[in-house]
There are 2 protein chains.
Amino acid sequence: MTRTSSRLANDAWEALLTAHAALIKHLAADRIWHEVTMREYDVLYTLSKCDRPTRIGELNRNVLLSQPALSRLVERLAERGLIERSADPADGRGVRLSLTEAGRLQQRRVGGRHAVGVARAVAAELSEEEMRQLEAICRKLSGADRAAGPDRNDTATSEPEEVTT
Amino acid sequence: MTRTSSRLANDAWEALLTAHAALIKHLAADRIWHEVTMREYDVLYTLSKCDRPTRIGELNRNVLLSQPALSRLVERLAERGLIERSADPADGRGVRLSLTEAGRLQQRRVGGRHAVGVARAVAAELSEEEMRQLEAICRKLSGADRAAGPDRNDTATSEPEEVTT
DNA sequence: TTCAAGTAGATGCAAACGCATATACATCGG
DNA sequence: CCGATGTATATGCGTTTGCATCTACTTGAA
């Protein structure tokens with residue numbers, strides 16, 4: 001690890017953090033978070049990308065929350081009828097989560113409007129080429145290695161967001 | 001806003017969010033957050049970059065916390081003797097914050113070790129060219145425009161992190 | 001089969017958060 | 001100079017978070 005490489009890495013990370021904070025704040029100002037908060041949406045969105053019932057632990061790998069916090073967030077969403085919890089037939093300890101129809105609708109409604117805000121904010125600053133580069137670099141940065149398992153099935157079945165508004 | 005541009009923007013944003021979450025989790029696992037949490041460090045670090053006493057409101061533009069939460073975090077840090085609050089002579093409402101010597105030491109100690117972790121994590125996945133691109137793109141993305149003020153003095157006096165370990 | 005060790009999720013509790021609002025000072029028109 | 005409006009930070013309060021721990025189930029080896 002050379003001195004200059006370390007410096008480059010830290011500068012890049014700080015820039016990413018700054019951009020993240022700025023965009024989050026900007027997007028949080030959108031008037032679309034009355035019914036679901038950004039964190040709740042994060043869970044709904046993540047679930048919407050899964051074609052089959054998902055374990056809480058699996059969700060927890062994608063969501064930046066402690067396991068107990070996610071567990072309770074899931075509980076609240078279930079009480080609100082947005083997601084469904086069912087026992088895992090293959091593992092008595094596990095809980096499998098899936099969106100209810102209401103949850104799917106809610107996710108689509110909020111997601112559509114949210115996507116507009118994201119597009120506006122990002123496309124206002126970056127060229128299409130830059131957006132592509134950013135995505136590619138961030139994907140590399142997410143590095144399959146972290147997360148320990150070398151055999152991660154990195155949700156190759158992407159189909160990120162539907163702007164069906 | 002073309003359909004493809006919107007899609008690119010949303011894909012890029014999702015990739016950024018994913019990378020952010022993955023790195024944060026990875027870095028949070030470093031055993032250096034006993035004395036200051038990541039959020040506390042964020043404040044100490046931000047202050048360390050300011051050569052003169054800084055307003056809470058100004059800090060709040062860089063830190064992803066509500067104003068009341070930041071206000072109380074600052075209070076806790078002050079009680080622990082890491083930062084100092086003083087009245088702003090030019091504005092009776094304002095509070096000016098600055099690191100104490102202990103705060104500066106703490107920031108440097110943690111910062112040095114943190115920077116090692118960042119360097120390891122980032123440089124392990126990206127080439128130097130990619131790090132430079134990521135930084136440049138993220139800086140653009142932070143867009144001086146958001147934040148309303150067109151006359152922001154974007155801390156041009158950078159000198160991000162000292163890896164003096 | 002049995003039991004020790006491991007893993008998934010839930011729960012108690014104190015700390016921290018966000019929202020609404022209060023307080024104190026600034027600023028500006030009259 | 002004075003009140004109306006605006007801004008900076010603090011505080012009350014209900015909600016959410018994280019840490020430690022608990023429970024329930026699985027796994028693997030004797």
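None of the values given here were measured: they were computed from a predicted structure. In the text below, chain A, chain B and the rest are named by the order of the sequence lines, each starting its count at 1.
Under the side chain to side chain donor-acceptor pair (under 3.5 Å) criterion, A:Glu84 pairs with no residue at all, not counting sequence neighbours. When the side chain to side chain donor-acceptor pair (under 3.5 Å) test is applied to B:Asp88, the partners found at least two apart in sequence or on another chain are B:Arg55. With sequence neighbours excluded, no residue forms a side chain to side chain donor-acceptor pair (under 3.5 Å) with A:Arg104. Residues passing the salt bridge (Lys or Arg N to Asp or Glu O under 4.0 Å) test with B:Glu75, sequence neighbours excluded: none.
For DNA chain C, the outermost nucleotides in 5' to 3' order that have an atom under 4.0 Å from a heavy atom of chain B are C:dA16 to C:dA26.
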* Structure fact -> For nucleotides 4-13 of chain D, 5' to 3', base contacts (B), sugar-phosphate-only contacts (S) and non-contacts (-) with protein non-hydrogen atoms under 4.0 Å give --BBSBBBBB
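D:dT26 atom P lies 10 Å from atom CG of A:Asp88, rounded to whole Å. Computed from coordinates, the B:Trp33 CH2 to D:dG18 C1' distance equals 16 Å when rounded to whole Å. Put simply, CD1 on B:Ile24 is 16 Å from C1' on D:dG18, counting in whole angstrom units.
The side-chain heavy atoms of A:Ser127 and A:Glu130, taken from C-beta on, include a pair separated by under 4.5 Å. Counting only heavy atoms from C-beta outward, the side chains of B:Thr54 and B:Arg96 never approach each other to under 4.5 Å.
Among the protein residues, B:Leu73 comes within range of no part of the nucleic acid, since none of its heavy atoms lies under 4.0 Å from any strand.
Contact record, A:Val43 with A:Val63: CG2-CG2, 4.2 Å, taken as the closest heavy-atom pair. What you find for B:Trp13 and A:His114 is that their closest heavy atoms are NE1-NE2, 4.3 Å.
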